[in-house]
Every structure is written in C-alpha cells, then in structure tokens.
Number of protein chains: 2
Amino acid sequence: MSRTPPHPTRDQIELPLVLDCLSDPIRLAIVYQLAQQEPVSSELCCGDFNGLAGKSNLTYHFAKLRDCGLMQTRVSGTNRFMRLRRDDLEARFPGLLDAVLKSAAKDADRLQLASGCDVVEAG
Amino acid sequence: MSRTPPHPTRDQIELPLVLDCLSDPIRLAIVYQLAQQEPVSSELCCGDFNGLAGKSNLTYHFAKLRDCGLMQTRVSGTNRFMRLRRDDLEARFPGLLDAVLKSAAKDADRLQLASGCDVVEAG
DNA sequence: TCAATAGTTCAATAAACATTGAACATAGGA
DNA sequence: TCCTATGTTCAATGTTTATTGAACTATTGA
C-alpha cells in the first residue's frame, strides 16, 4: 500500500481517456480544485476532496485520473499528494486542459464547483 | 420518422455531456470528419459515416451527439444532414471544440481518423 | 405501383461504470 | 506499544453504455 502507483508516460496519454475522465462531474471537480489550488500549492492530498464523495469512491476516481495521465500521486507517510500533470498535458494536447478548465469555471455554479475561497481555506 | 428531432438550446449545452460525447472514439471521428468537411460543405449525411460503424449503431451515436448539443440534424427527403453547432459551442465553451479538434488532429493516426483527402472524396 | 434507398426503432446482450461498506495496511504520535 | 488518521482493496450492487440484427417507416425514382 505504500509504494508510488504506476503512471502512464507522457506519450501514453490518450485523448479519449482524458476526455472521459473529465466528463465525470466528480473528477472534473477534483481537477478543477487542483487547478484552483495551484497558485498556493501544486499539491493536495486525498482528504482535501472529502466533500466530493466517500473515501473509497475517491480512491476509485483518483485511480482513473492517474491512469489517464491527468494527475500524479506522490506518497508521503500516510498521505498521498496529488498534482495536475500540466506540462505533460500541454505537451500532448496544447490548450486542451485550459479550455476545459475555463469552460468549467464559466459553469462553476451549474457544476457545483468549489469557488476559490472555499478551496483555499485552512487545512 | 420524418420530423426533425429535438435539439437542446444553446444554454442547455452541458460540459460533462459534451466531454463524454467526445470521449468515444467513434463519436470523436464523426465530429472530426464533420470539421474536416466544413471548408467544402458544412453538412454530411449519415451514409457518409458508414465506414465508422453499422447503421443502427451510427443512429445511436448521432442521437448522443445531437442530445448533447454538438450536432444539428436537418431532415431532407430520406436523408438526414448533420452539421457541427460550432457557434453554439463557441459561445458556451470558448476554445474548447478547437482544442479538442487540434488534439485529435495531432493523434489522427493513433485515433484512426480519416485524413483530409479521404474525407473530401466525391459523394 | 413497385422496388430500392436511407435511416429509425426495438429488444437483447455483454461490458464498463459509479457507488457503497467492511476489512485491511501503513505511518506517526501519545 | 497501542491508538489514531489516512487511504487502499475487495466484493457486491445497480446503472449506463456500446453493439448487433431484425423489423420497420418513409421517400424517391423507374
């Protein structure tokens, strides 16, 4: 349970898998929250997403996000830290992640996404 | 069987549905082919996609693309003409469709998408 | 009127998906 | 050493999805 899980290489990132990952509201919210957090810290840990779903359900969604190449997981003690693989995404599909994030931001209310203030609260 | 099927209004277009639609390789190929065709004609009919799947399967995918707001269907005789709802997509999610299409173009081989030449052959 | 063409509808099927809770593993602090 | 916090794994469940073929509808042209 302690080792770093496998991640696809940059070249292994596939468009349909990425789009499928982003099409789920919970996963989109995870990605959005990570993106919002970036100015503060590029990482968040699992517990920071507890509002979005139950623990084991989050583990499932994290695995999908990792498997498609959107997120990286780093293990540290009992925590797993997540960050967006921005550079790899941008290299593979220029402009895609930004376009999705901007679209999500436009519909933040409709998608029930956390606002900046919610995200940056103390941990 | 002859009337124009229902389409969502611009405002009813939802990001998760759009992304989900585009995450299927067959639907992505349909959208891509429509986009490639645009300089020649903004419309294609069902039969132009026969290479991608069986007829009833295509009907299924067309319905999904229509329901999410990506495509418009126009009925004319025994034909149904499809076109991309570019303006509506651009209004709702600026830059998104272009980013996806560019990403798809980059991976055209991997995604087995028709090249420009294939698409623009005589009909 | 008849046949061919274009596409839809429906039912059946198998696979994938999201969700849940219980049991488990691991690291760190009292 | 034991307790707690963090997160994973596994099995079970119900839902949605993609795909197929057969039957059907509607329009066009001979």
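It should be emphasised that the depicted structure is a prediction, and the values quoted were computed from it without experimental measurement. Chain A is the first sequence line, chain B the second, and so forth, proteins listed ahead of strands; every chain is numbered from 1.
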**Message:** We want to know whether Gln72(A) and Arg85(A) form a side-chain donor-acceptor pair, criterion being a heavy-atom distance below 3.5 angstrom.
**Reply:** no
**Prompt:** In whole angstrom, what separates Asp20(A)'s CG from dA18(C)'s C1'?
**Reply:** 12 Å
**Asked** Once you round it to whole Å, what is the distance between C1' of dA18(C) and CG of Leu28(A)?
**Response** 16 Å
**Message:** Taking ring pair (Phe, Tyr, Trp, His ring centres under 6.0 Å) as the definition, give me every residue that meets it alongside Phe81(A), ordered by chain and number, with sequence neighbours left out.
**Reply:** none
**Request:** Please check the phosphate of dA27(C) (OP1 and OP2 only) for any side-chain N or O of Asn79(A) closer than 4.0 Å.
**Result:** no
**Item:** Integer-rounded Å distance: dA6(C) P and Glu43(B) CD
**Value:** 17 Å
**Request:** Answer yes or no: does a side-chain N or O of Arg27(A) lie under 4.0 Å from OP1 or OP2 of dA18(C)?
**Result:** yes
**Asked** To the side chain of Cys45(B), which of dT6(D), dT27(D), dG7(C) is closest?
**Response** dG7(C)
**Request:** Return each pair, listed once, that meets side chain to side chain donor-acceptor pair (under 3.5 Å) where at least one residue sits in residues 91-104 of chain A; pairs must be two or more places apart or across chains.
**Result:** Arg86(A)-Asp98(A), Arg92(A)-Asp107(B)
**Residues within residues 53-68 of chain B bordering DNA chain C, heavy-atom distance below 4.0 Å** = Lys55(B), Ser56(B), Thr59(B)
**Complete:** From CZ of Phe49(B) across to P of dT19(D) the rounded distance in Å is 16 Å
**Asked** Between Asp48(A) (CG) and dG7(D) (C1'), how many Å, whole number?
**Response** 13 Å
**Request:** Rounded off to whole Å, could you give me the CD1-to-C1' distance for the Ile30(B) and dT19(D) pair?
**Result:** 14 Å
**Item:** Qualifying residues under side-chain contact (heavy atoms from CB on, under 4.5 Å), relative to Glu90(A), sequence neighbours excluded
**Value:** Pro94(A)
**Request:** With sequence neighbours left out, write down each residue that passes side-chain hydrogen bond (donor to acceptor under 3.5 Å, both in side chains) with Asp11(A), or none if nothing qualifies.
**Result:** Arg110(B)
**Message:** For a quick test of reading the model: is some side-chain N or O of Arg80(B) closer than 4.0 Å to OP1 or OP2 of dT8(C)?
**Reply:** yes
**Prompt:** Separation of Asp24(B) atom CG from dC17(C) atom C1', in whole Å?
**Reply:** 14 Å
**Request:** Could I get the full list of side-chain hydrogen bond (donor to acceptor under 3.5 Å, both in side chains) partners for Thr73(A), not counting sequence neighbours?
**Result:** Arg66(A)
**Whether Thr59(B) side chain and Lys55(B) backbone form a donor-acceptor pair below 3.5 Å** = yes
**Item:** Separation of atom CG in Leu52(A) from atom P in dA18(C), rounded to whole Å
**Value:** 15 Å
